[in-house]
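Accompanying notes for the structure given below.
All values reported here derive from a predicted model rather than from experimental measurement. Protein chains get the first letters and strands the later ones, always in sequence-line order, with residue 1 at the start of each. Note that these values count all heavy atoms, side chains included, but never hydrogens, waters or copies made by symmetry.
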Protein chains: 2
Amino acid sequence: MVVNKLALSQATIKRIPVYYRTVKALQQSGVKRVRSDRLSKLVHIAPATIRRDFSNFGDLGRSGYGYSVDLLAEVFGELLEVHSEEQMLLVGCGNLGRALLTNNFRRNPDLSIVMGFDTDPSLIGTTIAGIPIYNLATLSEKIRPGMHTAIVCVPSSAQASVISQLEANGITAILTFAPKPVPAQPGTKIRYIDLTSELQALLFVDHQSKLVQEPKTPLKQS
Amino acid sequence: MVVNKLALSQATIKRIPVYYRTVKALQQSGVKRVRSDRLSKLVHIAPATIRRDFSNFGDLGRSGYGYSVDLLAEVFGELLEVHSEEQMLLVGCGNLGRALLTNNFRRNPDLSIVMGFDTDPSLIGTTIAGIPIYNLATLSEKIRPGMHTAIVCVPSSAQASVISQLEANGITAILTFAPKPVPAQPGTKIRYIDLTSELQALLFVDHQSKLVQEPKTPLKQS
DNA sequence: CTGAATATGTGAAATATTTAACAAATAGGC
DNA sequence: GCCTATTTGTTAAATATTTCACATATTCAG
Ligand SMILES: NC(=O)c1ccc[n+]([C@@H]2O[C@H](COP(=O)([O-])OP(=O)(O)OC[C@H]3O[C@@H](n4cnc5c(N)ncnc54)[C@H](O)[C@@H]3O)[C@@H](O)[C@H]2O)c1
Ligand SMILES: NC(=O)c1ccc[n+]([C@@H]2O[C@H](COP(=O)([O-])OP(=O)(O)OC[C@H]3O[C@@H](n4cnc5c(N)ncnc54)[C@H](O)[C@@H]3O)[C@@H](O)[C@H]2O)c1
């Protein structure tokens, strides 16, 4: 099952993990086949979009039948390389970092945070959920050869410095919760999780939809 | 300063909070004017996109000058209704919920989580960062009239039940970290934060870009 | 084995979003 | 007050993404 990773749209790429999770769940409940309209209800994506996405990976389905859940799970698993463990590090073991270390993507055995870093002396040398916390100054000693992914949970003010240290130590993929954009080296992929903006955008559309429903402007005051 | 909230594209809406945060930061460092190309570097959005977004709100800028930072802050603040406090509740005060309660969007005085809910007896009756935690069964007693926003940090398995309870109590906007889509009532706006998918999509593009850089397929084995 | 029912994969259209490019407007030095 | 350098706002083009709609392939009941 060889697929071309190179010609995919960004929109499709963002959906692959969702498809993967969903077909895995179907597989675990013993479901053997699924149609695009059924999948559509599970993932909240239009059936035509699903079929077009899937068509990027060859003729996965069969007319009049649907898709084999096992085959989908195999294809998406291969795309996401779930068969090789991704060892990651986390910088900033405060409130949010602690939550992530404790959860540690446990539903995905291939995703594993194996070490944490901080600058707070009271955290250095401890473990959180069994994961050792090191001094960020010792990053180059502690990091293991194959590692190239980091999760960053430091204050915005520390972000630029932390990220350049990570880049200097071979990290090429960064998921960060500090929403302050930093200049990155060409090869580095950074994904910003901006919870405040997500919340504000949500509130905006909620207020917006209420404006439509209740115009609240009586035609005449009398 | 009256703007039309109704004709905005989704893409623009998602950027409003980013603009707001950025111009606020400029304002606080005493900057009085800013050009679209300068802003572009701060927010990682193309200057033309910025100008087009801003043009939705009237003629905010002046040719040969740029934009008044104070005016931008005022316009975006009004769009986001930062002058009225949004009192929110949080359900699921576990690891992630605790981090959110502790942080409580403190940089945004208008965003405030004022109560938490859980079903764990060892949490009910306690406070986290001064915020009281109640039994979810008592939601209808504890919720205050104006509240319509909730943050959900419960396991995926509990999500559907929790969300229908929230809807039954007047909640119309929900930010949730359990990435399992649920059927929602028409008026309810739900935003899913799917950290695992974000990470997997990041890793995908990182691997993808490495495929291009190092083809690693020698033309001849000899 | 046959044929009605089904559901894919995909051209073509529709929609959404970004980007280029420049006329028009303003700034600000002199 | 004039003139040049700037920088906006916007028209048009380009790109990206979604959706429609149906010919085609396959299923499966009888
Ligand atoms: N927790 C939330 O609800 C929330 C919400 C939105 C955004 N965020 C963002 O997530 C990030 C982390 O939030 P948090 O609540 O965990 O903050 P926190 O203050 O609890 O934790 C930050 C951690 O980073 C460490 N740190 C500081 N400077 C460092 C450096 N230079 N190198 C390494 N470690 C360093 C601190 O010692 C601390 O342990 C922040 O940028 C915050 O803005 C958090
Ligand atoms: N923490 C992470 O790193 C992380 C990463 C990705 C996704 N998530 C998702 O975020 C959610 C919360 O994660 P977490 O790490 O905080 O989990 P957690 O187990 O630490 O906390 C869950 C909390 O929800 C409460 N709860 C359970 N059922 C409930 C119900 N019916 N009503 C009210 N409260 C209930 C539990 O008592 C607990 O306090 C989960 O859906 C998880 O999948 C977390």
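- Judged by distance alone, with hydrogens and angles left aside, the side-chain atoms of B:Thr102 form a donor-acceptor pair with the main-chain N or O of B:Arg98 at under 3.5 Å.
- In the region residues 26-45 of chain A, proximity to DNA chain D at under 4.0 angstrom, judged on heavy atoms, holds for A:Arg33.
- Look at CD1 on A:Ile50: it is 15 Å from C1' on D:dT17, rounded to the nearest Å.
- For B:Ala11, counting side-chain heavy atoms from C-beta on, the closest listed nucleotide (D:dT8, C:dT17, D:dT19) is C:dT17.
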Extract from the structure each pairing of a protein N or O with an N or O of nucleotides 20-23 of chain C at less than 3.5 Å, listing the distance.
from   : atom 1 : to      : atom 2 : distance (Å)
C:dA21 : N6     : B:Arg51 : NH2    : 3.3

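- Contact of the B:Val75 side chain with the B:Leu60 side chain is registered, since non-hydrogen atoms from C-beta on lie closer than 4.5 Å.
- With rounding to whole Å, A:Gln10 atom CD is found 14 Å from C:dT18 atom C1'.
- Rounded to whole Å, atom P of D:dA25 lies 11 Å from atom CG of A:Asp59.
- For B:Tyr67, no side-chain nitrogen or oxygen approaches OP1 or OP2 of D:dT6 to under 4.0 Å.
- We find that CG of A:Asn56 is positioned 14 Å from C1' of D:dT18, with the value rounded to whole Å.
- Remark: C1' of C:dT17 and NZ of B:Lys14 are 12 Å apart, rounded to the nearest angstrom.
- At least one side-chain heavy atom of A:Leu39 sits under 4.5 Å from a side-chain heavy atom of A:Phe54.
- No engagement by A:Phe54 is indicated, since no non-hydrogen atom pair under 4.0 Å with the nucleic acid exists.
- Regarding B:Asp53, its CG atom lies at a distance of 7 Å from the P atom of C:dT18, rounded to whole Å.
- Residues B:Leu8 and B:Ile16 form a side-chain contact, since some pair of their non-hydrogen atoms from C-beta on lies under 4.5 Å apart.
- Between A:Leu175 and A:Ile190, the closest side-chain pair of non-hydrogen atoms is not below 4.5 Å.
- By the 4.5 Å heavy-atom criterion applied to side chains, B:Leu100 and A:Leu195 are counted as neighbours.
- A 4.5 Å side-chain heavy-atom check between B:Gln208 and A:Lys189 finds every atom pair outside the cut-off.
- Between A:Ser9 and B:Tyr65, the residue anchored nearer the 5' end of DNA chain D, judged by the nucleotide with its closest heavy atom, is B:Tyr65.
- Counting only heavy atoms from C-beta on, A:Thr49 has its side chain closest to D:dT18 among D:dT18, D:dT26, C:dT26.
- Contact check for B:Phe76 versus B:Val18: no side-chain heavy atoms found under the 4.5 Å cut-off.
- Side-chain N/O atoms of B:Glu86 and B:His148 include a donor and acceptor closer than 3.5 Å.
- In this structure, B:Leu72 places its CG atom 14 Å from C1' of D:dT7, rounding to the nearest Å.
- Atom CG in B:Leu60 sits roughly 11 Å away from atom P in D:dT10 (whole-Å rounding).
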